Amino acid sequence: MNKISCDICMDLIPLVKDGIASEDSGNAVKKHINECETCNIIFDDFEEINKMNNENIKMNDRKVISKIKDQLAIGSMIMIILGSFIGVGISESEWMFYNVIIMPLIGGLGYFALKQKCYFVPVGIFILTYIWNSIKYIIEIKTNEMDLVAIMVSSGTWATIYTCLCILGLVIGFLLYIAFKKENK
């Protein structure tokens, strides 16, 4: 007399197939599939359907992980670019000493975001700093009384300092990578 509906049977089939349903639930499902042809077919095909669903889930997991990695890489690149412009922009201001923190952070982020191509970060910092300061000094040439050689030397000095700080961040990132890699083993 324990008749169950098709919906309840569909809910119980995975539990019965996995062997975790109660004895009464298993008996109710067996009784129902003996009377219902549709549920019997689903019960017999459950393992094949389950395998297909698991393959789809694995594919979706890979897509999700890939999307997360892409978003992290994009976020890191945005942080590197914004940090570079902020760091270079505050040169020769009262906040310029924050670059002792900003530039190594940019280098560290560059290492984790770019791995084998992390050398682009210090090169980019050097170029950005040199061009930024050269343009700034050329615009202010009448007020700072610098000649072209002094502008080139001063721009190169700032670019070298910021590049060295960025390289320091790359080294720190590399050492952290090695430390955490060895700890996981």
Side-chain angles (χ1 to χ4, degrees), residues 14 18 48-185:
D18 290 340
E48 292 177 30
I49 293 170
N50 197 21
K51 284 181 187 175
M52 290 183 346
N53 286 339
N54 284 341
E55 289 174 8
N56 289 339
I57 290 170
K58 287 179 185 173
M59 288 179 71
N60 290 339
D61 287 346
R62 288 184 183 142
K63 287 181 182 178
V64 169
I65 290 171
S66 175
K67 239 182 181 180
I68 290 171
K69 284 182 179 180
D70 290 344
Q71 288 176 349
L72 286 174
I74 290 170
S76 296
M77 292 305 298
I78 289 171
M79 289 174 60
I80 290 168
I81 292 168
L82 286 177
S84 299
F85 280 107
I86 290 170
V88 171
I90 62 174
S91 295
E92 295 185 26
S93 71
E94 62 269 12
W95 299 309
M96 72 184 236
F97 293 106
Y98 285 114
N99 280 330
V100 174
I101 298 169
I102 293 172
M103 292 302 163
L105 280 174
I106 291 169
L109 276 174
Y111 178 78
F112 288 109
L114 300 174
K115 294 282 186 212
Q116 288 86 14
K117 296 184 181 185
C118 64
Y119 58 87
F120 284 129
V121 176
V123 170
I125 290 293
F126 184 86
I127 292 169
L128 177 67
T129 305
Y130 191 83
I131 291 172
W132 179 279
N133 285 326
S134 295
I135 291 171
K136 184 172 77 169
Y137 292 143
I138 290 171
I139 290 172
E140 300 171 353
I141 201 161
K142 292 188 182 203
T143 59
N144 61 20
E145 299 176 2
M146 296 174 78
D147 61 350
L148 194 55
V149 174
I151 289 174
M152 290 173 44
V153 170
S154 181
S155 298
T157 302
W158 283 112
T160 303
I161 291 168
Y162 290 163
T163 301
C164 289
L165 288 171
C166 189
I167 290 171
L168 175 68
L170 284 173
V171 170
I172 291 170
F174 174 71
L175 293 174
L176 285 172
Y177 173 75
I178 289 175
F180 287 124
K181 184 178 174 185
K182 286 185 178 182
E183 189 173 296
N184 287 336
K185 287 184 178 181

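Just so we're clear, the structure is a prediction, and the values are computed from it rather than from any experiment.
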Which heavy atom of [X] sits nearest a heavy atom of [Y], and at what distance?
{"X": "Gly107", "Y": "Leu170", "result": "O-CD2, 3.0 Å"}
{"X": "Ile101", "Y": "Pro104", "result": "O-CD, 3.5 Å"}
{"X": "Ser76", "Y": "Ala113", "result": "CB-CB, 3.6 Å"}

I need the [X] [atom1] to [Y] [atom2] distance, nearest 0.5 Å.
{"X": "Ile127", "Y": "Tyr130", "atom1": "CD1", "atom2": "OH", "value": "11.5 Å"}
{"X": "Leu105", "Y": "Asn99", "atom1": "CG", "atom2": "CG", "value": "11.0 Å"}
{"X": "Tyr119", "Y": "Gln116", "atom1": "OH", "atom2": "CD", "value": "10.0 Å"}
{"X": "Tyr111", "Y": "Ile167", "atom1": "OH", "atom2": "CD1", "value": "15.0 Å"}
{"X": "Leu109", "Y": "Cys118", "atom1": "CG", "atom2": "SG", "value": "12.0 Å"}

Beyond-backbone contact of [X] with [Y], side-chain heavy atoms, under 4.5 angstrom:
{"X": "Phe85", "Y": "Leu128", "answer": "yes"}
{"X": "Leu176", "Y": "Phe112", "answer": "yes"}
{"X": "Val88", "Y": "Met103", "answer": "yes"}
{"X": "Ile102", "Y": "Ile90", "answer": "yes"}
{"X": "Lys136", "Y": "Asn133", "answer": "yes"}
{"X": "Val121", "Y": "Ile106", "answer": "yes"}

Residue that, paired with Pro122, satisfies side chain to side chain contact (heavy atoms under 4.5 Å, CB included) out of Leu165, Leu168, Thr163 | Thr163
Qualifying residue, where the test is side chain to side chain contact (heavy atoms under 4.5 Å, CB included) with Ser155 and the options are Val153, Thr157, Ile151 = Ile151
Test item: Ser154 side-chain N/O and Ala150 main-chain N/O as donor-acceptor pair under 3.5 Å | no
For Ser84, all residues meeting side chain to side chain donor-acceptor pair (under 3.5 Å), sequence neighbours excluded | none
Taking the inter-plane angle between the rings of Trp158 and Tyr162 on a 0 to 90° scale, is it parallel (under 30°), tilted (30 to 60°) or perpendicular (over 60°)?
-> tilted
